[in-house]
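Step one of this worksheet: look at the structure below.
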2 protein chains.
Amino acid sequence: MLRLTKKADYGLMALKYLAEHPDSVSVSAKDIADTYGIPPQLLAKVLQRLTKVGLLRSHAGMNGGYELSRAARSISAFEVIHAIDGPLFITSCTKGSKSCELEPSCTIKEPLARVNESIAGVLKSISIHDMAEDESTSGRVTEQPLVMLTGS
Amino acid sequence: MLRLTKKADYGLMALKYLAEHPDSVSVSAKDIADTYGIPPQLLAKVLQRLTKVGLLRSHAGMNGGYELSRAARSISAFEVIHAIDGPLFITSCTKGSKSCELEPSCTIKEPLARVNESIAGVLKSISIHDMAEDESTSGRVTEQPLVMLTGS
DNA sequence: TGAACTGCGACAAAAATAGTCCTATACTGA
DNA sequence: TCAGTATAGGACTATTTTTGTCGCAGTTCA
Ligand code: FES
Ligand code: FES
């Protein structure tokens with residue numbers, strides 16, 4: 001449930017990498033793919049999309065690659081995920097204008113839309129910078145009890 | 001991104017239906033499937049699972065069916081979703097104990113775990129009762145601007 | 001010129017979801 | 001006690017989504 005796609009994951013990882021290497025003028029997709037052990041071509045596509053929406057600046061040719069187009073602090077996880085996975089959301093319908101078949105009957109959409117908002121809010125409140133920060137902040141968050149399975 | 005499965009949707013819809021019909025002693029899977037126009041057998045399975053985890057009580061035989069085992073107010077969306085879609089969460093890895101291949105390199109997991117918590121919190125804070133309530137509360141939430149696409 | 005890049009579109013493979021079928025079992029009421 | 005209606009659940013297929021690959025065109029730089 002509520003799984004992020006790998007592409008989004010890859011995208012976040014890549015941005016995090018870039019945020020941690022501000023010295024390098026630009027880093028190639030291959031470089032990042034190698035350090036994380038993920039398929040280069042796939043990552044390339046992800047980075048291309050991020051470039052398209054303006055989160056990255058690309059530079060073709062030798063010693064080319066990507067760099068953040070803004071400060072890591074100003075790029076939210078939401079933006080990244082939205083750029084890669086698209087705007088779709090919680091309920092299985094939610095096609096924006098096009099409403100699903102069970103529209104008249106299903107009244108579940110409304111309350112869930114508010115859940116969406118909350119989630120989007122959380123995602124927006126986390127920046128790439130925050131993520132990059134994490135490992136330098138020692139093992140602070142490592143062993144928290146994640147009280148989220150009480151339901152069953 | 002972050003899509004709920006249809007099964008979970010169906011489950012929520014069914015519980016909502018039950019919450020709205022407290023008069024009926026028990027409602028059959030077919031009844032609910034018919035009113036919402038969803039595959040009866042599939043809904044049956046969903047209801048069976050909800051019964052198994054104790055959210056519903058089932059009653060076989062003629063005029064049988066399901067009923068809420070607790071007050072709608074005390075059943076959270078989280079419980080329902082968790083029961084149906086399982087405990088899996090945000091990051092593409094997160095197999096609990098089994099950590100993914102890119103474990104040493106990927107440091108993105110930690111911060112995202114906190115996002116998970118927040119989302120779970122939101123889901124836990126919404127009860128079936130809240131959902132059922134929604135339509136009686138007039139068209140209050142209908143035309144809210146959902147400010148969640150600012151990213152792109 | 002040629003090596004090392006990005007930028008795309010089309011495909012193929014794999015995995016997750018959605019949905020169906022079939023059989024067994026439980027309860028009800030006539 | 002028997003027919004009808006309902007849940008329980010395993011096995012299976014179909015569909016969709018996600019993941020990953022290939023090939024080729026354009027760019028930059030030495
Ligand atoms: S599932 Fe489409 S309107 Fe609710
Ligand atoms: S994607 Fe598995 S540890 Fe980050």
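Just so it is clear, the structure is predicted and the values come from calculations on it, not from any experiment. Each chain gets a letter, A, B and so on, in the order the sequences are listed, and its residues count up from 1.
Position along DNA chain D of the nearest nucleotide to A:A60 versus B:A44 favours B:A44 as the more 5'-ward residue. The residue among A:M62 and A:P40 whose nearest nucleotide of DNA chain D lies closer to the 5′ end is A:P40.
No N or O donor and acceptor, one from the side chain of A:Q41 and one from the base of D:dG20, sit under 3.5 Å apart. Side-chain atoms of A:K6 and base atoms of D:dG20 include no donor and acceptor less than 3.5 Å apart.
Counting to the nearest Å, the P atom of D:dT18 and the CG atom of A:L4 are 11 Å from each other. Atom C1' of nucleotide C:dG7 and atom NZ of A:K45 are separated by 9 Å, given to the nearest angstrom.
With contacts defined as side-chain heavy-atom distances shorter than 4.5 Å, the pair A:Y66/A:T51 qualifies. Side-chain contact between A:L56 and A:L15 is present, with at least one heavy-atom pair separated by less than 4.5 Å.
Close to D:dT7, at under 4.0 Å from its OP1 or OP2, lies no side-chain N or O of B:T51. Within the structure, a side-chain polar atom (N or O) of B:R3 is placed less than 4.0 Å from OP1 or OP2 of D:dT18. For the OP1/OP2 pair of C:dT28 and a distance below 4.0 Å, the side-chain nitrogens and oxygens of B:H59 include at least one atom meeting the criterion. Side-chain N/O atoms of B:Y10 include one lying less than 4.0 angstrom from OP1 or OP2 on C:dG19.
Across all strands shown, B:K30 has no heavy atoms under 4.0 Å from either base or sugar-phosphate atoms.
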